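Encoded as structure tokens, the structure appears first; notes follow it.
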Amino acid sequence: YRQQLDNLGFSFDWRREVRTSNPDYYRWTQWIFLRLFHHYYDQAAGKALPIEALETRLAAEGNAGVKAACDEHTPRITAADWAAMDEQARARFLLHYRLTFPEESFVNWCPALGTVLSNDEVKDGLSERGGHPVERKLMKQWSMRITAYADRLLEGLNTIDWPESLKDQQRNWIGRSQGASVRFPLADHSETEIEVFTTRVDTIYGVTFMCLAPEHELVSQLTTDTQRAAVEEYVRWAASRSDVERMAEVKRVTGVFTGSYCINPVSGEQVPVYLADYVLAGYGTGAVMAVPSGDQRDWNFARHFSLPVVPILDAQQGLEEAADPTKEGRYINSDLINGLGYAEAVPRLINWLESNGKGRGKVQYRMRNAVFSRQRYWGEPVPVYWKEGIPYPLSDSELPLLLPEVDKYLPTATGEPPLGRAEGWKYEDQYEYELSTMPGWAGSSWYWYRYMDPHNEGAFASPEALAYWKDVDLYVGGSEHAVGHLLYSRFWNHFLYDLGLAPEREFAKKLINQGMIQGIIEYLMLQKDKVDGHSRFVSADIAKEEQEQYGREFARMPIHVDFVAEYGTPNSHLTEQGIQQFIDWRPDFATAIFESKEGIYRDGSFLPAGDAASMQLQTVSEVGKMSKRYFNVVNPDDVVAKYGADCFRMYEMFLGPIEDAKPWNTKGIDGVSRFLRKFRALFYTEAGSWAVTDEQPSREELRVLHATIKKVSEDIERFSFNTCISAFMVATNELGRLGCRKRAVLRELVVVMAPFAPFLSEELWHALGETDSVHRTSFPTFDPAYLQADTITYPIALNGKTRLTVDFPATATPAELEAAVRGMESLAKYLEGKSVKKVIVVPGRMINVVVG
RNA sequence: GCCGAAGUGGCGGAAUUGGUAGACGCGCUGGACUCAAAAUCCAGUGAUAGCAAUAUCGUGCGGGUUCGAUUCCCGCCUUCGGUACCA
């Protein structure tokens with residue numbers, strides 16, 4: 001049947017084929033990359049435009065016009081400046097605008113592994129693989145200017161049928177805040193201005209100091225000689241702290257005074273400028289105007305450094321204890337806006353700032369541009385070569401750029417990515433290719449278009465195919481991709497749409513999150529500091545004690561579940577054999593110490609602490625993702641071998657709603673297996689001979705059939721597959737009870753079952769004498785006539801409590817039902833002298849008698 | 001902390017628009033078949049009391065709206081997912 005399904009076009013390996021390192025697929029991913037390189041995003045036009053259009057504008061008017069429309073951080077140039085630039089300078093300048101561009105940025109660098117790790121590959125400051133330290137390192141990376149599309153990505157969410165929680169995740173990730181940008185000139189050097197972003201410009205009269213991120217570009221200029229030593233020490237200290245440490249000490253207040261003052265452009269007051277590590281270099285301008293009366297972090301800082309707290313609203317209270325971030329009341333101590341409320345104050349201030357050239361209304365995003373390169377071997381090579389420090393794109397005809405042969409998939413001795421190992425891999429034999437490769441999300445950001453036209457030589461898909469298929473009707477994927485894959489894909493799609501290459505703005509109309517089938521993850525506790533140069537693993541109970549008693553820190557390291565005894569139970573542990581298996585698997589830890597209550601295992605032998613004969617190194621079990629990364633993948637082949645693919649498939653559906661995550665267990669799979677055999681037994685006798693007859697089905701048998709068709713058709717529409725399976729079970733049980741073996745019923749039922757149990761259905765379909773595939777037949781429709789019963793069983797409730805059920809003719813009107821119920825003797829005993837006040841009849845549903 | 005989702009028998013879960021709470025399955029108990037077991041079939045299975053009919057309680061907790069609430073409203077608790085000093 002696999003062959004037959006293949007013939008129908010369902011290739012089981014289709015997706016895998018397309019997405020792995022296949023030259024065809026590399027080619028079109030690289031082709032799209034080049035389109036991104038050749039375009040810039042014009043905010044005024046609200047779409048991507050060819051970079052040539054930008055060059056024309058630069059030549060005509062400099063970037064004054066496009067600066068605001070594109071990237072406001074670009075240095076300002078005039079048409080004359082542009083004309084004076086040589087080709088290289090222009091190329092370098094255009095990198096400020098291209099939708100993909102190289103940029104210095106901080107990455108998680110693991111020196112021991114010689115590679116950059118993504119955030120999810122770093123756990124507790126150590127690499128998941130091998131448990132090595134990871135540091136922040138500034139590296140030149142290719143980036144995608146996804147921020148250019150922030151507003152469109154936000155607005156597009158309103159047009160698609162995706163889960164609200166997922167949309168919210170994307171909204172929060174994009175993090176649009178509306179506020180104002182204000183420039184504070186330095187007190188003794190008014191040419192230099194500190195620009196801040198604030199969402200509470202109304203609190204500007206409450207500013208009592210300024211705070212800059214330690215990485216802020218003005219730091220050295222602002223620092224006075226008397227403060228220089230202290231500032232430099234603070235900057236060094238802040239830079240040395242890893243993200244992990246910063247996160248652990250979130251509530252600690254640290255900072256240093258620069259010695260400089262700046263001037264509040266609205267009030268004209270002088271305020272001191274501090275550095276503080278609660279200000280993030282990567283958000284806004286890396287500087288904040290501190291309003292301790294309205295912001296808790298500013299308040300904490302003010303208290304720590306004994307800075308003044310000025311109330312600005314008459315409703316503010318308790319400022320000695322905490323900040324008051326509410327917007328209630330009328331402004332006080334606020335010259336321009338005294339007596340106003342929040343709603344009037346904000347526009348008045350922004351107006352003032354703009355007309356006095358001190359600032360403007362501004363929208364700020366939390367989202368940053370996406371780092372696009374990886375220092376790995378596998379992945380599409382970035383189709384770019386470098387000449388005198390400037391990247392040049394390959395031409396379309398030079399695609400695909402394939403991965404070169406290398407001796408090892410490891411970084412070079414000088415720390416270059418693995419592609420640096422390739423000998424003579426140069427453009428025109430002289431220019432070095434970009435050595436990083438694209439991340440996994442590059443290819444996954446557009447692949448559905450290739451499915452529309454997989455063999456097209458001239459384009460990733462033809463206009464005809466795109467016009468026919470348009471977009472993805474239903475995308476099924478995990479919610480863990482909410483702010484990764486699903487956002488990047490939307491970004492690429494909006495870009496392709498701008499170029500007329502994608503038919504719709506959004507790539508998927510509807511999306512549902514299938515819940516993850518989870519596994520049990522087993523962790524080993526690894527002490528973060530080495531002991532005499534040896535890694536030390538301890539039993540979970542020991543780790544807990546040492547953590548509590550000495551504050552010793554441990555990292556959790558996922559290990560292969562095959563090594564674990566009593567896997568998945570609270571008592572899971574490694575025996576000596578398990579430890580040895582672990583060492584064989586991870587030779588880095590050959591000299592490690594393993595310690596449990598029973599003793600120590602090292603260098604291949606067990607040293608008991610007392611008279612213990614063996615050790616149990618407790619592991620920590622956790623329900624979580626089933627993933628290669630956690631070495632806890634259950635191979636479905638084993639289940640398929642035992643129960644068959646249909647049973648496996650149906651059991652997965654039967655486990656519960658498709659969106660819910662659930663740990664994998666095979667507890668109930670026998671029930672589904674039993675059902676499939678019962679279903680098959682409707683067609684065959686116990687002895688195995690064919691039992692289907694051509695008799696006319698009874699009304700009851702047809703009712704069962706049509707009720708099932710109705711139920712399953714409706715439940716498929718709402719992705720309620722677990723209840724579909726339940727409906728099949730009910731139908732099978734009822735037909736079994738009725739002894740129904742009639743073709744007219746069973747033939748239809750097989751078709752309804754086909755999407756759920758494709759193999760068994762196909763087998764039975766052919767056994768019924770059909771020659772074509774069941775998967776080509778049309779789905780049956782139900783006939784309501786068979787579902788109408790002559791009588792309806794009404795539950796009769798007294799004051800909402802069901803007391804008895806009575807059959808009434810289906811044709812009875814509500815008035816007749818009420819009269820019948822009022823006259824019922826069986827009700828009398830519940831009345832206990834009370835009288836019937838009212839009778840509520842819900843036709844076809846129930847009858848409630850109100851007694852009082 | 002903030003954002004989102006969810007809490008129903010021993011377990012997975014059902015109840016689609018406010019209308020018989022616990023469909024279906026697992027497990028468990030008893031029975032049939034068997035020398036015996038497996039498989040299969042039949043019956044029972046929310047809790048408490050009762051031989052039973054039945055009664056009372058029962059959808060995380062406390063209130064409310066309603067003839068009637070797992071479903072709607074208000075206030076909490078817990079769990080999971082996301083995010084994290086975002087100015």
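The model shown is predicted, which means the values in this text are computed figures rather than measured ones. Chain A is the first sequence line, chain B the second, and so forth, proteins listed ahead of strands; every chain is numbered from 1. These numbers come from the heavy atoms of this one structure, side chains and all, not from hydrogens, waters or symmetry mates.
Taking atom P in both B:rU20 and B:rA69, the straight-line distance is 11 Å, to the nearest Å. Comparing the same atom, C1', in B:rU8 and in B:rG60 gives a spacing of 10 Å after rounding to whole Å. Comparing B:rA52 with B:rG46, their P atoms are spaced 14 Å from each other, to the whole Å. Atom C1' of B:rU70 sits at a distance of 13 Å from the matching atom of B:rA6, rounded to the whole Å. Comparing the P positions of B:rU45 and B:rG22 gives an interatomic distance of 12 Å, to the nearest angstrom. Distance noted for atom C1' between B:rU78 and B:rC61: 10 Å (whole Å). Distance noted for atom C1' between B:rG62 and B:rG25: 35 Å (whole Å). Using P as the reference atom, B:rC28 and B:rG10 are 16 Å apart when rounded to the nearest Å.
Among residue pairs with one or both ends in residues 671-681 of chain A, those qualifying as side-chain hydrogen bond (donor to acceptor under 3.5 Å, both in side chains) are A:S673-A:R677, A:K678-A:N733, A:R680-A:E763; sequence neighbours excluded.
The aromatic ring centres of A:Y643 and A:F648 sit 6.0 Å or more apart.
Nucleic acid contact for A:R677: sugar-phosphate only, since backbone atoms but no base atoms lie under 4.0 Å from a heavy atom of the residue. When heavy atoms are screened at a 4.0 angstrom cut-off, A:S720 is found touching no nucleic acid atom at all. Using a 4.0 Å heavy-atom criterion, one finds that A:N848 contacts the bases of the nucleic acid, with or without backbone contacts as well. Within 4.0 Å (heavy atoms only), A:P657 reaches sugar-phosphate atoms of the nucleic acid but no base atom.
Stems are defined here as 3 or more consecutive Watson-Crick or G-U wobble pairs with pairing distances under 3.5 Å; those involving RNA chain B are B:1-7 with B:77-83, B:10-12 with B:24-26, B:27-32 with B:40-45, B:46-49 with B:54-57, B:60-64 with B:72-76.
Applying the ring pair (Phe, Tyr, Trp, His ring centres under 6.0 Å) test to A:F728 and every residue at least two apart in sequence or in another chain returns A:F756. Residues passing the ring pair (Phe, Tyr, Trp, His ring centres under 6.0 Å) test with A:H216, sequence neighbours excluded: none. Qualifying side chain to side chain donor-acceptor pair (under 3.5 Å) partners for A:H304, counting only residues two or more places apart in sequence or in other chains: none. Remark: A:S143 engages A:E103 in a side chain to side chain donor-acceptor pair (under 3.5 Å) (not counting sequence neighbours). Every residue was checked against the side chain to side chain donor-acceptor pair (under 3.5 Å) condition with A:N172, not counting sequence neighbours, and none meets it. Every ring pair (Phe, Tyr, Trp, His ring centres under 6.0 Å) that A:F491 has, sequence neighbours left out, goes to A:Y149. With sequence neighbours left out, A:E659 forms a side chain to side chain donor-acceptor pair (under 3.5 Å) with no residue at all.
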Please test A:Q364 against A:R176 for side-chain hydrogen bond (donor to acceptor under 3.5 Å, both in side chains), starting from the C-alpha separation and ending with a verdict. CA-CA 6 Å; A:Q364 183 68 48; A:R176 184 183 204 269; over 6 Å; no

Start with the C-alpha gap between A:D202 and A:K327, add the side-chain angles, then the distance that decides, and say whether salt bridge (Lys or Arg N to Asp or Glu O under 4.0 Å) holds. CA-CA 9 Å; A:D202 59 301; A:K327 298 164 182 166; over 6 Å; no

Under 4.0 Å protein heavy-atom contact, by nucleotide of nucleotides 21-29 of chain B - B base, S sugar-phosphate only: --BBSS---

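Within 6.0 Å of the CZ atom in A:R845, the count of heavy atoms belonging to other residues, nucleotides or ligands does not exceed 12. No more than 12 heavy-atom neighbours from other residues, nucleotides or ligands sit within 6.0 angstrom of CD on A:E217.
Straight-line distance from the CG atom of A:N172 to the P atom of B:rC2: 13 Å, rounded to whole Å. Regarding A:Q170, its CD atom lies at a distance of 17 Å from the C1' atom of B:rA5, rounded to whole Å. Distance CD1 (A:I658) to C1' (B:rG12): 16 Å, rounded to an integer number of Å. Atom-to-atom, NZ of A:K327 to C1' of B:rA87 comes out at 13 Å; the value is rounded to the nearest Å. The distance from atom CD1 of A:I840 to atom C1' of B:rU20 is 16 Å, rounded to the nearest whole Å. If you measure from atom CG of A:L280 to atom P of B:rU83, you get 16 Å, rounded to the nearest angstrom. The CD1-P distance, from A:I847 to B:rG68, rounds to 18 Å in whole Å. Atom-to-atom, CE of A:M653 to P of B:rG13 comes out at 17 Å; the value is rounded to the nearest Å.
Partner of A:Y205 under the side-chain contact (heavy atoms from CB on, under 4.5 Å) criterion, chosen from A:V310, A:V266, A:N264: A:V266. Paired with A:E714 under the rule side chain to side chain donor-acceptor pair (under 3.5 Å), one option of A:K710, A:R718, A:K711 passes, and it is A:K710.
Look at B:rG12: its glycosidic torsion is beyond 90° from 0, and that puts it in the anti range.
For A:L655, the listed nucleotide lying nearest its side chain is B:rG12; candidates were B:rU83, B:rG82, B:rG12. Nearest to the side chain of A:D168, among B:rG4, B:rU83, B:rA87, sits B:rG4. Of all nucleotides listed (B:rG13, B:rG82, B:rC86), B:rC86 comes nearest to the side chain of A:R297. For A:D660, the listed nucleotide lying nearest its side chain is B:rG13; candidates were B:rG13, B:rA87, B:rC86.
Using a 4.0 Å cut-off, no side-chain N or O of A:S165 falls inside it from OP1 or OP2 of B:rG82. Between A:Y365 and B:rC86 there is no side-chain polar atom (N or O) within less than 4.0 angstrom of OP1 or OP2.
A:R171 and A:E164 are joined by a salt bridge, as a carboxylate oxygen and a charged side-chain nitrogen come within less than 4.0 angstrom of each other. Between A:R703 and A:E700 there is a salt bridge, since a side-chain N of the basic residue sits under 4.0 Å from a carboxylate O of the acidic one.
Residue whose closest nucleotide on RNA chain B sits further toward the 5' end, between A:F197 and A:P795: A:P795. Toward the 5' end of RNA chain B, the nearer of the two residues A:L166 and A:K662, judged by each one's closest nucleotide, is A:L166.
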Between protein and nucleotides 71-73 of chain B, what N or O pairs are separated by less than 3.5 Å?
none

I'd like a table of atom pairs between the protein and nucleotides 16-18 of chain B - only N or O on both sides, under 3.5 Å - with the distance next to each one.
| residue | atom | partner | partner atom | Å |
| --- | --- | --- | --- | --- |
| B:rU16 | O4 | A:K711 | NZ | 2.6 |

